[in-house]
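Have a look at the structure below before the remarks.
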Amino acid sequence: MPHATPVVCLHSSASSGRQWRRLAATGAAWRWHTPDLYGHGQRPDWPELMPNRLEVEAQGVLAGLPLDAGLAFHLVGHSYGGAVALQLALLQPARVLSLTLYEPVAFGLLPGPETGDAASVEIAEVARALTLALARADDFGAARGFCAYWQGRDIWPELQVDQQLRMADAMPTVKRHFDALFAARWMPAQLAGLDIPVRLLCGTATRASARAVAARLAECLPRASLQMLEGADHMAPIGEAARVNALILGSLERLQRLVAA
């Protein structure tokens, strides 16, 4: 095989590492690692005494990787997984060769709902509705609203019962995700110091909150490029996997040449 550089792929909220199985099957030249994040797939729940912060998730990913401590790797992430990938790169910049991120939802970079910013108000309302549903022990209602926001319509009746159960079970952990994402208030100087190549992918049909975060990161990361995908929504890495996977593989090849130069 031409190279066997490790690539670590981090999935979105309420998904699992299986999200990347088609990507790994297509890119045989890479050493793929697709861990489950806390409370997803086969991974235990979030450590009970640990705060809801991206650092906790990122350190958990690092601790579970079957890689030598000094071995560098590329990072791929979608949505919450993209924000975790960014946090991991900020913690261990010497080990991360590049970032390829589809709509990393680091909501702490937005101005905040108190400013009247429309994107901030929109996503804060989604998080509030989910929190209130969980407080009523309505995990199904929380999951239905969460899915509807990111899909752009109410897809709940189209899901199989096992899918509905899996989504509902994930909602307490997804609330932790929201807390961690809003708390990720990285300063511009922190992001400016991340001197690695970053490819940002964002759909033109996505939600305002995700689009605003992608634009902010493109401004702050010194070696970032932003590509807009015509007609794609936030869930395109799953719903349009072939299209997005081709872009990810192309990005990895280009970034590998950059870091090898």
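Only this structure's heavy atoms are used, side chains among them; waters, hydrogens and symmetry mates stay out.
A donor-acceptor pair under 3.5 Å links the side-chain atoms of Arg166 to the main chain of Ala14, judged by distance alone. Using a distance-only test at 3.5 Å, with no hydrogens or angles considered, no donor-acceptor pair links the side chain of Arg22 to the main chain of Ala241. Of the possible polar contacts, none joining the Asp233 side chain to the Ala205 backbone as a donor-acceptor pair under 3.5 Å is found.
Across Val61 and Pro35, no two heavy atoms sit closer than the pair CG1-CG, 4.5 Å.
For the atom pair OG of Ser12 and NE2 of His78, the computed distance is 5.0 Å after rounding to the nearest 0.5 Å. Taken to the nearest 0.5 Å, the CD1 atom of Ile238 stands 12.5 Å off from the CH2 atom of Trp150. Taking CZ of Arg199 as the start and CZ of Arg223 as the end, the distance is 14.0 Å to the nearest 0.5 Å. Ser209 OG to Leu109 CG: the interatomic distance, rounded to the nearest 0.5 Å, is 12.0 Å.
Contacts classified as side-chain hydrogen bond (donor to acceptor under 3.5 Å, both in side chains) and involving residues 57-70 (residues at least two apart or in different chains) are given here: Glu57-Tyr80. Residue pairs meeting the side-chain hydrogen bond (donor to acceptor under 3.5 Å, both in side chains) criterion with at least one partner in residues 182-193, sequence neighbours excluded, are Gln87-Trp186. Each side-chain hydrogen bond (donor to acceptor under 3.5 Å, both in side chains) pair with one or both residues in residues 98-123, not counting sequence neighbours, appears once here: His74-Ser98, Thr100-Ser251, Glu103-Thr206, Glu103-His234, Asp117-Ser120, Glu122-Tyr149. Among pairs with a residue in residues 129-145, those fulfilling side-chain hydrogen bond (donor to acceptor under 3.5 Å, both in side chains) read Arg144-Asp154, at least two apart in sequence or across chains.
For Tyr38, the ring pair (Phe, Tyr, Trp, His ring centres under 6.0 Å) test picks out Trp46, with sequence neighbours left out. With sequence neighbours left out, His40 forms a ring pair (Phe, Tyr, Trp, His ring centres under 6.0 Å) with His11, His177.
A continuous path of ILVMFWY side-chain contacts below 4.5 Å connects Leu37 to Val96, so both sit in one hydrophobic cluster. In the hydrophobic cluster analysis, where Ile, Leu, Val, Met, Phe, Trp and Tyr join through side-chain heavy atoms closer than 4.5 angstrom, Val121 is grouped apart from Val213.
Each of Thr26, Val7, Leu101, Val76 was evaluated against Ile248; a single residue qualifies, Val76, per the side-chain contact (heavy atoms from CB on, under 4.5 Å) test.
Summarising the local packing, CZ of Arg243 is surrounded by more than 12 heavy atoms from other residues, nucleotides or ligands at distances under 6.0 Å. A 6.0 Å sphere centred on CD of Glu230 holds no more than 12 heavy atoms belonging to other residues, nucleotides or ligands.
Ring geometry for Phe178 against Phe182 counts as parallel: the plane angle stays under 30°, on a 0 to 90° scale with 60° as the upper cut.
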